Amino acid sequence: MNIIELKKINKFFGTKGNCVHVLKDVDLTIEKGDFVAIIGQSGSGKSTMMNIIGCLDVPTSGSYKIGGVEVGKMSKDQLADLRCKKFGFIFQRYNLLSSLKATENAALPAIYLGLNTVTRTKRAVELLKKLNLGEKLGNKPNELSGGQQQRVSIARALMNGGEIILADEPTGALDSKSGEMVMEIIKNLHQQGHTIILVTHDSKIAAQASRIIEIKDGEIVSDVRKANEFYEPQDQLEDVKRSRWDTLKYRFMESLNMSVHAIISNKMRSLLTMLGIIIGIASVVSVVALGNASQAKIMEQINSMGTNTIDIMPGTGFGDMRSGRVKTLKVSDSNYLAKQSFIDNSTPKVSDSGTLVYQNYSLTAQLSGVGAEFFEVKGRKIAQGRVFTQDEVNSMASVVVIDDNTKNEMFEDNPNPLGEIIIFNKKPLKIIGVTEKNSNPGPDSESMNIWTPYTTAMYKINGTSDINSITVKISDKVNSQVAEESIEHILTALHGKKDFFMINSDSIKQTVESATNTMKLLIASIAVISLIVGGIGVMNIMLVSVTERTKEIGIRMAIGAKQADILQQFLIEAVLICLVGGFMGVSLSLLIGFGFNTFSQDFGMIFSTASIVLALACSTAIGVIFGYMPAKNASNLNPIDALASE
Ligand SMILES: Nc1ncnc2c1ncn2[C@@H]1O[C@H](COP(=O)(O)OP(=O)(O)O)[C@@H](O)[C@H]1O
Ligand SMILES: [Mg+2]
C-alpha cells in the first residue's frame with residue numbers, strides 16, 4: 001500500500017529574476033513500512049524533498065498524496081495535524097528546545113495531540129529508557145552529548161506514534177560510534193513497522209536501507225530496491241478518547257508555561273518592559289484616588305455651608321464693590337419669602353463688627369444677627385447651652401451665642417461661661433450658648449464670632465433696619481434650581497429690579513463636581529498616554545522575543561503546533577507582562593496612598609475598587625492589543641523558514 005505519492009513535483013526558490021529550480025518533475029511513491037534512503041550530493045535537493053514530504057514546505061507545482069489524500073488542498077491547521085499525528089522528524093542538528101529537560105523535549109509533540117501531563121511524561125520516560133537514556137531524563141540538551149541529544153530527538157519523533165519517520169542526515173553531526181548507534185535504532189524502528197525515509201550523502205549509511213533512491217540536481221536518477229522487508233507496526237499509540245476541552249486545556253497550559261518561562265528567563269528585560277505599564281497604571285490609579293479625595297474634601301466643605309440653602313445678598317455679584325453698602329434687602333423680603341410654600345424658613349442676617357468686652361478683656365468680634373433656625377440650617381452644632389428661640393427673636397432679647405474661639409479667648413479659666421454678661425459695642429448681652437469648634441478651614445475658623453437674634457442686632461445694637469443677607473432653606477421636595485428661579489422672580493417683582501444675587505450650595509456642589517471630574521479626566525488621559533507608550537514598549541519587546549525564538553517556533557510547528565498555539569503562546573506572554581505590570585502598578589499606587597495618608601492627616605487618597613479593577617482590565621487589554629501584532633507575525637511564520645533561522 002502506497003503511503004506517499006509524489007507526482008510531477010516541482011519546487012522553485014526565489015523570485016522571478018533570481019529563481020532556482022530545485023526539484024524537477026519528481027515522481028515518487030513510497031510504501032507503508034518501507035525503509036528508503038535518499039542519497040545525493042550536497043545541494044541536490046534532498047532536504048527540499050524531505051521537507052515537502054514532511055509537510056513543512058509546499059511544492060510549487062505537482063500533486064502530493066498521503067494515504068491517498070491530496071495534501072495541496074489542506075489548510076495550515078490540517079497540515080499541522082498531519083505533522084503532529086503521522087510524522088516524526090529527526091534533524092541533523094537535533095533541534096531540541098534548550099530550556100526543556102530530556103523528558104519534556106520528548107513529550108512535547110503529545111501536548112499538541114492533547115495528552116495529559118501524566119500520560120505523556122510516562123510515555124516519554126518509557127521511550128527514553130528504551131533508547132538507553134534512563135539516567136538522563138532530567139538533563140537539558142546542553143548537558144547531553146550529541147548522540148544522546150539525537151536519541152532524545154528520536155524519542156520525540158516516536159512520541160505521537162511516528163508512523164513515518166523522516167530523518168535528514170541524522171548522523172551528519174555525530175562521531176562514527178554515535179552514528180552507528182543511531183543507525184541501529186533506526187533499523188530497529190523499521191523492524192517495528194515504522195516507515196523510514198532517511199536522507200544522507202553517505203553511501204555506507206544508505207546501504208543499510210531496503211531501497212536507495214539517488215537524486216541529482218533535483219531529479220531522481222536511480223531507484224534500487226535491495227530487500228523486501230516490511231514489518232507490521234508494533235507501537236500502536238492507543239487512540240484514547242480526548243475531549244476537545246482537554247486538548248484546549250493542555251495546549252493552553254503549555255502556552256502559559258512557556259510564557260512564564262520566557263518572562264522569568266529574561267527577568268531584567270521583562271521588568272524594564274513592565275516599567276512603562278507600572279508607571280502608567282500607578283499614575284492612573286493614584287490620580288483617580290487623589291481626585292476622589294479632593295472632591296470628597298470640597299464636598300464636605302460645601303455641605304457645611306448648609307444643605308438646601310440659598311443665600312441672597314445685595315449687589316450684582318461677589319465682585320460688586322458696592323455690595324457692602326447696598327442696602328436693598330429688607331426684613332419684609334425675608335418674611336415674604338418665608339410664606340412661600342417651597343421655602344421651609346427664611347432668616348435675615350445682619351453683620352457687624354465691634355469691640356467685645358468682658359471684665360478686663362476686650363477684643364474685636366464679628367456679630368451676626370440671625371434667625372432662630374440659623375444654627376440648624378447652617379449645620380452649626382452647640383457644645384454648651386442652647387440657641388435662641390423664636391420668642392427671643394420676636395422680643396429682641398439681649399441673648400448671645402458665642403463660638404469656641406471667643407470662649408477660649410475670654411473665658412480661659414471659666415469652663416462654663418453660660419449666664420455671663422458680655423458687652424458688644426456698649427450693649428450688654430447674656431451668653432446662652434457656645435458652639436462647637438468649626439472643623440472646616442475658612443473665614444470663620446480663626447475669627448471671634450457671636451450671634452444674636454437679628455431683631456436685637458438691628459434695633460438694639462445697630463439702630464437701623466438694614467440687613468446684609470437673607471438665608472432661606474428650601475423644602476427637600478423642591479429642586480434647588482427651580483427654587484432659585486422662583487426667588488429671583490419674587491424678589492425682582494418686589495424690588496422692581498434685580499439688585500441682589502444668590503449663592504446656591506447645590507449649584508456650587510455641581511460646579512465643583514463637574515470641575516473635578518474634568519480635572520480627573522484630563523490627568524487620567526495624560527496617564528493613558530503613558531500607558532500607550534508602555535504598550536508600545538511591550539510590543540517592541542514581543543517583536544524581539546519572536547525574532548529570538550523563531551527557531552523554537554519552527555520546531556514547535558514541525559512537531560505539530562498549530563498557528564493558534566503559537567499565537568496563544570506569545571499573546572499570553574504579552575498579557576502576562578502587562579498584567580503583572582498592572583498588579584505592580586496598583587500595588588505601587590496603594591503604597592503611595594498609604595504613605596500619603598500617614599503623613600497628611602486631614603486629606604486621604606481614596607482608592608475605589610472600580611478604578612483598580614478597571615486598571616487591571618486596562619492592562620490586560622493593552623497586552624492583547626499590543627501583543628497581537630507580534631504574536632500574529634509569529635504564528636504566520638512558515639515552518640520551514642522558521643526552522644532554518646538560527
Ligand atoms: N529557502 C531557500 N531559498 C533559496 N534557495 C534554497 C532554499 N532552500 C534550498 N535552496 C537551494 O536549493 C538547493 C537544494 O537544497 P537542499 O534541498 O537543502 O539540498 P541538500 O539537502 O540536498 O543538500 C540548493 O541549491 C539550495 O541552495
Ligand atoms: Mg540537506
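These numbers come from the heavy atoms of this one structure, side chains and all, not from hydrogens, waters or symmetry mates. In listed order, ligands and their atoms are each counted from 1. Just so it is clear, the structure is predicted and the values come from calculations on it, not from any experiment.
Which of H21, Q92, K46, M50 comes nearest to atom 22 (O) of ligand 1 through a heavy atom is settled by distance: it is K46. Summarising the contacts of atom 15 (O) of ligand 1 with D217, T48, I640, the nearest heavy atom is found in T48. Comparing G43, G40, S44 by heavy-atom distance to atom 25 (O) of ligand 1, the nearest is G43.
Atom 12 (O) of ligand 1 has as its closest protein heavy atom V22 CG2, 3.1 Å. In terms of protein heavy atoms, atom 6 (C) of ligand 1 is closest to F13 CD1, 3.4 Å. Counting only heavy atoms of the protein, atom 21 (O) of ligand 1 lies nearest to S47 OG, 2.7 Å.
With salt bridges taken as basic N to acidic carboxylate O contacts below 4.0 Å, one links E184 and K187. The existence of a salt bridge linking E573 and R549 is confirmed by a sub-4.0 Å separation between a basic side-chain nitrogen and an acidic carboxylate oxygen.
For Y628 and F626, the distance between ring centers is not under 6.0 angstrom.
Under the 4.0 angstrom criterion for non-hydrogen atoms, G14 is not in contact with ligand 1.
Of the residues listed (H194, H190, R225), the one engaging D34 in a side-chain hydrogen bond (donor to acceptor under 3.5 Å, both in side chains) is R225, and it is the only one. No option in E552, K562, R83, K76 other than R83 meets the side-chain contact (heavy atoms from CB on, under 4.5 Å) test with M557.
H201 and Q41 form no side-chain donor-acceptor contact under 3.5 Å, judged by distance and modelled atom types alone.
At a heavy-atom distance under 4.0 Å, only backbone atoms of Q41 (N, CA, C or O) approach ligand 1.
Distance remark: protein heavy atom present below 4.0 angstrom from atom 10 (N) of ligand 1.
The line from CD of Q563 to CD1 of I553 is 11.5 Å long, rounded to the nearest 0.5 Å.
Those atoms of ligand 1 that come under 4.0 Å of a heavy atom in S42, given as number and element, are 23 (O).
The Mg ion (ligand 2) has S47 among its coordinating residues (N/O/S atom, backbone or side chain, under 2.8 Å).
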Worked verdict on N116 versus D246 for side-chain contact (heavy atoms from CB on, under 4.5 Å): CA-CA 8 Å; N116 66 32; D246 275 349; over 6 Å; no
